[in-house]
*Asks:* 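Structure in structure tokens, see below.
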Amino acid sequence: MQDITVKEIFREAEQHLGKELRVSGWVRTLRDSKAFAFIELNDGTFFKNLQIVLEDKLGNFNEIVKLNVGSSLIVEGVLVKSPGVKQPFELQATKVEITGFSSPDYPLQKKRHSFEYLRTIAHLRPRTNTFSAVFRIRSLAAYAVHRFFQERGFVYVHTPIITGSDCEGAGQMFQVTTLDPGNLPRDEEGKVDYSKDFFGRMTNLTVSGQLAVETYCMAFRNVYTFGPTFRAENSNTPRHAAEFWMIEPEMAFADLQDDMELAEDMIKYLIRYCLENAPEEMEFFQKFLDRDLFAKLDNVVNSEFGQLTYTEAIEILAKENPGFEYPVEWGCDLQTEHERFLTEKVFKKPVFVTGYPKEIKAFYMRLNDDQRTVAAMDLLVPGVGEIIGGSQREERLDKLEQRMAELGLKQEDYWWYLDLRKYGGTVHSGFGLGFERFIMYITGITNIRDVISFPRTVRSAEF
RNA sequence: UCCUCGAUAGCUCAAUGGUAGAGCGCUCGGCUGUUAACCGAGUGGUUGCUGGUUCGAGUCCAGCUCGGGGAGCCA
């Protein structure tokens with residue numbers, strides 16, 4: 001008797017036909033008749049189920065057919081070709097051991113459930129087809145991220161999750177403290193005395209690993225972070241979560257053009273990897289979530305990404321204005337409607353927009369020679385809009401200090417960041433990719449809550 | 001945070017201001033190859049919460065809570 005997974009059976013069915021096998025898993029559905037019954041068993045290793053055929057000569061037949069969906073079993077039997085059209089083979093059971101009963105109130109029915117309902121049972125939803133596919137893809141994509149960078153010699157850096165810099169500037173932060181909120185220590189002025197806190201200073205959860213990873217960039221040349229990020233923004237949208245994962249590569253001796261090439265290669269690599277290594281899951285998304293998914297992804301993989309400057313983008317948008325809700329003029333930030341028009345209608349493929357006005361971008365982006373734009377790039381993709389944001393960093397100490405002064409940022413708060421420019425600073429560039437946004441893009445899932453196992457959003461941390 | 005739509009059985013949804021329903025699920029029975037199995041019977045409700053209008057409110061009004069979508073912020 002050979003223990004085997006459902007995945008192995010599906011991948012090498014021919015060599016297992018006629019053999020005695022033992023599988024174990026959970027009942028997805030059960031259909032019974034007087035003298036026989038069918039169980040679709042999912043063992044967790046594969047997207048598809050194995051059909052088990054039971055005959056009433058099994059000793060515990062009557063007990064088995066009364067099982068509720070969700071029960072766990074160990075099944076022994078012979079793999080045979082199936083006369084049914086929906087599956088090429090099935091396991092003719094010779095012995096069924098019940099290892100865990102379910103109950104009639106099992107919340108997952110055999111029919112389709114709404115995503116909203118499944119969010120209320122987040123601990124059970126990975127047992128559904130959709131979430132089984134989503135989270136297998138998520139795992140695979142995470143592995144592909146590491147493969148992509150490791151193959152290219154990038155060093156994976158774990159930047160801190162608790163940060164002492166209260167000025168990362170990318171958004172509202174969650175404070176980390178061991179102080180008792182009901183009994184805060186105060187200084188002479190009545191302000192909270194953070195010298196009494198755990199770290200002896202105010203600390204928060206990170207909103208970006210970028211500033212920290214730049215320090216390792218100046219030592220290891222090509223580096224990346226891939227970890228959790230936290231934003232305390234009161235955002236109520238299908239694209240925002242309070243806790244999400246970001247991928248942030250950073251390259252020394254690399255300019256904005258190198259940065260864009262890396263971004264394009266990475267996006268194509270990740271999509272190809274998922275298509276090749278999870279074809280059943282990807283077909284499921286194409287069939288049930290987005291009929292245009294494969295066409296959309298093929299277009300990304302097979303086209304050379306477009307490129308234009310912000311100034312050119314504004315000219316095109318102003319000229320072809322199809323009735324935008326927001327006015328278009330030089331200096332304004334591009335709205336989602338503008339981004340999508342550019343990538344979907346004008347270019348019909350992914351496109352990089354570069355050279356944004358310095359006023360609408362972060363302080364660390366490199367000032368261009370025109371003195372009014374910075375070496376920033378956003379990657380826009382059809383169906384979503386912005387998916388990657390990056391830049392060449394300002395490596396010139398005087399220019400960086402000047403920009404920080406303009407924005408009222410205190411140099412002492414960034415002393416170690418400025419040191420990177422003082423001691424052997426060089427041209428360097430990087431970008432950020434929201435991992436969940438990417439997972440949404442390749443699966444066709446439209447709500448970020450459905451690509452995170454236990455999503456944290458405003459007023460929601462049930463699980 | 002703003003705009004907008006919504007909340008009725010376990011789930012998905014019906015119900016002119018006048019007796020709260022269906023399908024699915026679940027339970028029981030039937031059925032010798034099922035595929036969201038099928039057939040029959042049964043089970044199922046503080047209509048999100050609080051108040052108001054009315055002879056009468058699931059339905060109209062107000063506030064609140066929660067959820068969907070859009071916007072802003074952004075990834």
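Below, chain A is the first sequence line, B the second, and so on; all start at residue 1. Values below: every heavy atom of this structure, side chains too, minus hydrogens, waters and symmetry copies. Remember, predicted model here, so these are calculated numbers, not experimental data.
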*Asks:* Are any of the side-chain nitrogens in Glu359(A) or Arg372(A) under 4.0 Å away from the carboxylate oxygens of its partner?
*Replies:*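 Looking at Arg372(A) together with Glu359(A), the answer is no, because their closest N to O distance does not fall below 4.0 Å.
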*Asks:* I'd like to know if the side chain of Thr5(A) pairs up with that of Glu8(A) as donor and acceptor (distance under 3.5 Å, no hydrogens or angles considered).
*Replies:*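 Yes, Glu8(A) and Thr5(A) have a side-chain donor paired with an acceptor closer than 3.5 Å.
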*Asks:* Choosing from G69(B), C31(B), U27(B), which nucleotide comes nearest the side chain of Asp32(A)?
*Replies:*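 Of the options given, the side chain of Asp32(A) lies nearest C31(B).
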*Asks:* Within the 3.5 Å criterion, strictly below it, is a donor on Gln87(A) or Ser82(A) matched to an acceptor on the partner's side chain?
*Replies:*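 Yes.
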*Asks:* Write down the distance between CZ (Arg31(A)) and C1' (C39(B)), rounded to a whole number of angstrom.
*Replies:*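 So the CZ-C1' distance, Arg31(A) to C39(B), works out to 17 Å.
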*Asks:* Within the 3.5 Å criterion, strictly below it, is a donor on Gln150(A) or Tyr224(A) matched to an acceptor on the partner's side chain?
*Replies:*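 On atom types as modelled, these side chains qualify, holding a pair under 3.5 Å.
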*Asks:* Nearest whole angstrom, please: distance from the P of G29(B) to the NZ of Lys34(A).
*Replies:*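 The answer, rounded to whole Å, is 13 Å.
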*Asks:* Please work out if Pro104(A) contacts a base, only the sugar-phosphate, or nothing of the nucleic acid, heavy-atom cut-off 4.0 Å.
*Replies:*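 Touches sugar-phosphate only.
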*Asks:* Where along residues 136-152 of chain A does a heavy atom fall under 4.0 Å from RNA chain B?
*Replies:*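 Hits under 4.0 Å, by residue number: none.
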*Asks:* In whole angstrom, give me the gap between the P atoms of A20(B) and G58(B).
*Replies:*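 Taking atom P in both A20(B) and G58(B), they lie 9 Å apart.
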*Asks:* Scan Ile387(A) against the nucleic acid and name what it touches under 4.0 Å (heavy atoms): base, sugar-phosphate only, or nothing.
*Replies:*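 Here Ile387(A) touches the backbone only, sparing every base.
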*Asks:* Counting only distance, no hydrogens or angles, is the base of C73(B) paired donor-acceptor with the side chain of Ser235(A) under 3.5 Å?
*Replies:*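 Between C73(B) and Ser235(A), which were checked side chain against base, a qualifying N/O pair under 3.5 Å is present.
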*Asks:* Side-chain donor or acceptor of Lys111(A) under 3.5 Å from a matching atom on the base of C11(B)?
*Replies:*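 Donor-acceptor pair under 3.5 Å: yes.
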*Asks:* Identify whether NZ of Lys or CZ of Arg in Lys268(A) sits under 6.0 Å from the centre of the six-membered ring of Phe305(A) and within 45° of that ring's axis.
*Replies:*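 Ring-cation test returns yes.
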*Asks:* Glu90(A) near the nucleic acid: base, sugar-phosphate alone, or nothing, with a heavy-atom cut-off under 4.0 Å?
*Replies:*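 If one applies the 4.0 Å heavy-atom cut-off, Glu90(A) turns out to touch a base.
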*Asks:* Between Arg28(A) and Asn129(A), does any side-chain donor sit less than 3.5 Å from a side-chain acceptor?
*Replies:*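 There is such a pair between these side chains.
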*Asks:* Taking atom C1' in both U59(B) and G17(B), what distance in whole Å separates the two?
*Replies:*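 Here U59(B) and G17(B) have their C1' atoms 7 Å from each other.
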*Asks:* Is a donor on one side and an acceptor on the other found under 3.5 Å between the side chain of Arg125(A) and the backbone of Ser453(A)?
*Replies:*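 Here the side-chain-to-backbone pair exists.
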*Asks:* Fill in the dot-bracket string of RNA chain B, one character per base: . for unpaired, | for a pair to another strand, ( ) or [ ] for pairs within the strand, taking Watson-Crick or G-U pairs under 3.5 Å.
*Replies:* (((((((..((((....[..))))((((((.......))))))....(((((..]....))))))))))))....
*Asks:* Classify the side chain of His240(A) versus the base of C74(B) as yes if they form a donor-acceptor pair under 3.5 Å and no if they do not.
*Replies:*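 Yes, the side chain and the base share a sub-3.5 Å donor-acceptor pair.
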*Asks:* With no hydrogens and no angle check, do the side chains of Gln392(A) and Gln257(A) hold a donor and an acceptor under 3.5 Å apart?
*Replies:*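 No, no side-chain donor-acceptor pair sits under 3.5 Å.
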*Asks:* Determine whether a donor-acceptor pair (one donor, one acceptor, N or O, separation below 3.5 Å) exists between the side chain of Glu55(A) and the base of U32(B).
*Replies:*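 When only heavy-atom distances are counted, Glu55(A) does not reach the base of U32(B) through any donor-acceptor pair under 3.5 Å.
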*Asks:* Within the structure, does a side-chain N or O atom of Asn236(A) lie under 4.0 Å from either OP1 or OP2 of G70(B)?
*Replies:*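 It does not, given that no N or O in the side chain of Asn236(A) lies less than 4.0 Å from OP1 or OP2 of G70(B).
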*Asks:* Kindly confirm or rule out a cation-pi arrangement of Lys361(A) over Tyr356(A), judged by NZ or CZ under 6.0 Å from the six-membered ring centre and within 45° of its axis?
*Replies:*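 Because its charged atom sits under 6.0 Å from the ring centre and within 45° of the axis, Lys361(A) does stack over Tyr356(A).
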*Asks:* Please state the C1' separation for the pair C28(B) and G44(B) - nearest whole angstrom.
*Replies:*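 Each nucleotide's C1' atom is 15 Å from the other's.
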*Asks:* In terms of side-chain heavy atoms of Asn234(A), which of U1(B), A71(B), C31(B) is nearest?
*Replies:*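 Ranking U1(B), A71(B), C31(B) by closest atom to the Asn234(A) side chain puts U1(B) first.
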